[in-house]
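The structure appears below as structure tokens.
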There are 2 protein chains.
Amino acid sequence: MNFEEIIANVELHFLTLTDECRRDLKKVSKIMTLERETLLVKEGQLADKTYFIAKGSARAFYLKDDKDITDWFAFENNFINSINSFFLHIPSPHFIEVLEPSILLEISRENIDLLSDRYQEFDRLGKIAITKTLLQLQQRVVSIQFETAQQKYENILQIRPDITQRVALTHIASYLGITLETLSRIRNPKKRI
Amino acid sequence: MNFEEIIANVELHFLTLTDECRRDLKKVSKIMTLERETLLVKEGQLADKTYFIAKGSARAFYLKDDKDITDWFAFENNFINSINSFFLHIPSPHFIEVLEPSILLEISRENIDLLSDRYQEFDRLGKIAITKTLLQLQQRVVSIQFETAQQKYENILQIRPDITQRVALTHIASYLGITLETLSRIRNPKKRI
DNA sequence: CGCCGAGTTGAACTGAATCAAGAAACGTGG
DNA sequence: CCACGTTTCTTGATTCAGTTCAACTCGGCG
């Protein structure tokens, strides 16, 4: 997968860029091909990069009392970064891990800022990405707060039917805010007598 | 409170505008002085306005099985709108209600879009507002998911110590995703024998 | 093979919900 | 300024969804 193909996907899912902007973007971004379980960001680092997932998937997670809690999944044609670190310029509370063999496009905040100043369209692209994430998070709050474990699971299946094939159940459980055991019971409902 | 004072607060909490942009903003925005319990948005409406709260407070809520669930609070120097309706151009699932006697600045999406096209700074202002909201929502997900009712309450008190003086406990409870009864017990811990 | 991590199953426990009264605070009109 | 009704909040008893802890199964891989 080359730069042009990847950018075509960015433009398809966000917005079209001018040739000039696209050319500058190419200069400052880097294609990465990664194994599963590669860590893109470690807790404590300044995570001033954003990644576009051209192929594969990744998750952001943190350790709470030594338990691994998944906070966010990202799949192909979406961006992922460590939002607190990226936007607030603080050490990352999150790890970011690639979940499958993946192809990513990496861009630094510095270059994002430069491109956003130079090209209003690029600034817009960022705004759209943030807005989409905001709306997803909003949905998630409602889901976490007022749905049963079962409904939350059905919900994520609806949004991403292939998730159970692509992501370990442990991660799905912690993302949903339920235990692995509960998730397992939901998936294998005991026969009532 | 006049337009200039309100805009000074917007600029203080978000970013400084050029005189030209400020002048155009004045032309298209409207100051509203409202009683408590005024509805700014009703469920089902196209809510294509955004409000800056110069003074007072408001909440977004929805009805789930006839129960009133508060989804978001906004206080002075913040924006509020019905995010789903505003960004996706769909009928609002939310109501928005003013909680205290308030002074608001109202701007339509149409004008926001016009100003965002004309002034990169104004576009940025929007991006900053969205980003701040995103980070707050992110915090909220963590809080809802892994804190006890007690911790959630202490949490909100830390962020907004005066909330219990300004907002009905019922609304705080539903915002935290707990029942009014549980909130009451947390606030009045029974003496252990 | 035999081990190891991932997932499953079982039983006991618990934090918060629900249901049901009651008390306080609030406001409005006599 | 008091009486009454309404809304808001408190308290108690019971129930339940989901957690916890512990043991077991299964599939892959060295």
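Below, each value reflects all heavy atoms present in this structure, side chains not excepted, and no hydrogens, waters or symmetry copies. Here is the naming used below: chain letters follow the sequence lines, and residue numbers restart at 1 for every chain.
Screening B:I6, B:L40, B:T38 for a side chain to side chain contact (heavy atoms under 4.5 Å, CB included) with B:L104, the sole residue that qualifies is B:L40.
Atom CZ of A:R185 is separated from atom C1' of D:dC24 by 13 Å (rounded to the nearest Å). Atoms CD (B:E37) and P (D:dT6) sit 16 Å apart, rounded to a whole Å. Atom CD in B:E147 sits about 16 Å away from atom P in C:dG15, given to the nearest Å. In this entry the distance linking CD1 of A:I178 with P of D:dT20 reads 12 Å, nearest Å. Distance, A:R187 CZ to D:dC26 C1': 14 Å, rounded to whole Å. Residue A:E181 contributes atom CD, which lies 10 Å from atom C1' of D:dA22 at whole-angstrom precision. Rounded to whole Å, the distance from CD1 on B:I172 to P on D:dC9 is 8 Å. Counting to the nearest Å, the P atom of C:dG7 and the CD1 atom of A:I186 are 15 Å from each other.
Across C:dG7, C:dA16, D:dT10, the shortest atom-to-atom separation from the side chain of A:A168 is found for C:dG7. Looking at the side chain of A:T179, the nearest of the listed nucleotides C:dG7, C:dT8, D:dT19 is D:dT19. Set against D:dC9, C:dG7, D:dT19, the side chain of B:L169 has D:dC9 as its closest nucleotide. Listed nucleotides D:dC9, D:dG18, C:dT8 differ in distance to B:T170; the shortest reach to its side chain belongs to D:dC9.
Phosphate proximity of D:dT10 to B:S184: present, with a side-chain N or O under 4.0 Å from OP1 or OP2. Residue B:T148 places none of its side-chain N or O atoms closer than 4.0 Å to OP1 or OP2 of C:dG15. OP1 or OP2 of D:dT11 has at least one side-chain nitrogen or oxygen of B:N188 nearer than 4.0 Å.
At the heavy-atom level, B:L183 lies nowhere under 4.0 Å from the strands shown. B:L180 comes within contact range of at least one nucleobase, with a heavy-atom separation under 4.0 Å.
Counted by atom type alone, A:Q158 and A:E154 present zero donor-acceptor pairs between their side chains at under 3.5 Å. Side-chain contact check for A:Q45 and A:S92: no donor-acceptor pair (N or O, by modelled atom type) lies under 3.5 Å.
Here B:E35 pairs with nothing under the salt bridge (Lys or Arg N to Asp or Glu O under 4.0 Å) rule; sequence neighbours left out.
By the 6.0 Å and 45° rule, B:R160 stacks over the aromatic ring of B:F75.
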